[in-house]
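What you see is a predicted model; the values in this text were computed from it and never measured. A note on names: the letters A, B, ... follow the listed sequences, proteins ahead of strands, and every chain is numbered from 1. What you see below is based on every heavy atom in this structure, not just the backbone, and it leaves out hydrogens, waters and symmetry mates.
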Amino acid sequence: DTEVTQTPKHLVMGMTNKKSLKCEQHMGHRAMYWYKQKAKKPPELMFVYSYEKLSINESVPSRFSPECPNSSLLNLHLHALQPEDSALYLCASSQPTESSEAFFGQGTRLTVV
Amino acid sequence: AQSVTQPDIHITVSEGASLELRCNYSYGATPYLFWYVQSPGQGLQLLLKYFSGDTLVQGIKGFEAEFKRSQSSFNLRKPSVHWSDAAEYFCAVPYTGGFKTIFGAGTRLFVKA
């Protein structure tokens, strides 16, 4: 199984809503990532978890809250988002070594209204 | 700091023609290098990776890339392009000291019949 599964595929939320994005992998990877991608831009790293501990937070606003309940799951909790947060949110996983390539999910297309 | 540059924002080729996408890297030591492809609204898929050894790397979907240290380049090639190759292509390098991938700006490939 070389898949990273993200749910939901599409999400529309209001600025006062609370929602969560979910990501799951069963490749035994111990590093998991959240990226944000705006149209016609490369992915921007948001968070990295290594061995279920947050190791990188790229100065992401607190309205985004990551969680790694176990080695297979990664969540991104969303609260009080702004319209400019609308984007494709990508989850990825890899072995926790520099040479390891990341495997990406299909993404969640988020629209904030 | 490590970085990759993709000088071409977009490229158009005819179906059946050959393709070369350019990537230049900035890296102190021998780099690890990746090429990813992203179809519209989808996640990223690894095409190929270079770690060391043979400078010509074979990937999936008929793609190959050649590492040239003297030119600091890692260009992606395909001898005959298919309409399904139309997508965004990202060159990438891992960030030393953390589990993080640094992406180039991307090259959008258009394929004309």
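- A pairwise comparison of heavy atoms in A/Y33 and B/K100 identifies CE2-N, 4.5 Å as the closest pair.
- For a residue to count as touching a neighbouring chain, one of its non-hydrogen atoms must lie under 4.5 Å from one of that chain's; by this rule B/Q45 does not touch chain A.
- Crowding of B/H10 atom NE2: a count of heavy atoms from other residues, nucleotides or ligands under 6.0 Å not exceeding 12.
- Looking at B/L46, the atoms closer than 4.5 Å to chain A (heavy atoms on both sides) all sit in the side chain, from C-beta outward.
- Atom CZ in B/F90 sits 5.0 Å away from atom CD in A/Q37 (nearest 0.5 Å).
- Heavy atoms of A/Q6 lying under 4.5 Å from chain B are absent altogether.
- By the neighbour-count criterion of 12 heavy atoms within 6.0 Å, atom CG of A/N70 is densely surrounded, having more than that number from other residues, nucleotides or ligands.
- In this structure, the separation between CD on A/Q106 and CG on B/L44 is 9.5 Å, given to the nearest 0.5 Å.
- With a 4.5 Å cut-off on non-hydrogen atoms, B/Q42 touches chain A through its backbone and its side chain both.
- Atom NZ of A/K38 is surrounded by more than 12 heavy atoms from other residues, nucleotides or ligands within 6.0 Å.
- The hydrophobic clustering, which links ILVMFWY residues whose side-chain heavy atoms are closer than 4.5 Å, places A/L78 and A/M15 together.
- Counting heavy atoms from C-beta outward, A/Y35 and B/T101 have side chains that approach closer than 4.5 Å.
- A/Q95 does not touch chain B: none of its heavy atoms, backbone or side chain, sits under 4.5 Å away.
- The hydrophobic clustering, which links ILVMFWY residues whose side-chain heavy atoms are closer than 4.5 Å, places A/L74 and A/V4 apart.
- Counting heavy-atom pairs closer than 4.5 Å to chain B, the top-ranked of the candidates A/G107, A/P43, A/A39 is A/P43.
- No part of A/S94 comes within reach of chain B, as not one of its non-hydrogen atoms sits under 4.5 angstrom from that chain.
- Following chains of ILVMFWY side-chain contacts shorter than 4.5 Å, one can reach A/Y89 starting from A/L11, so the two form part of one hydrophobic cluster.
- Listed options A/S55, A/S50, A/P96, A/A31 were ranked by heavy-atom pairs under 4.5 angstrom with chain B; first place goes to A/P96.
- Hydrophobic clustering places A/M32 together with A/L21 (ILVMFWY residues linked when any side-chain heavy atoms are closer than 4.5 Å, directly or through intermediates).
- Summarising the local packing, CD1 of B/I9 is surrounded by 12 or fewer heavy atoms from other residues, nucleotides or ligands at distances under 6.0 Å.
- Between B/G104 and A/P42 the shortest heavy-atom distance is O-CB, 3.3 Å.
- Annotation: the span from B/L47 atom CG to A/E101 atom CD amounts to 12.0 Å, rounded to 0.5 Å.
- Hydrophobic clustering, with ILVMFWY side chains joined whenever heavy atoms are under 4.5 angstrom apart, groups B/Y25 together with B/V57.
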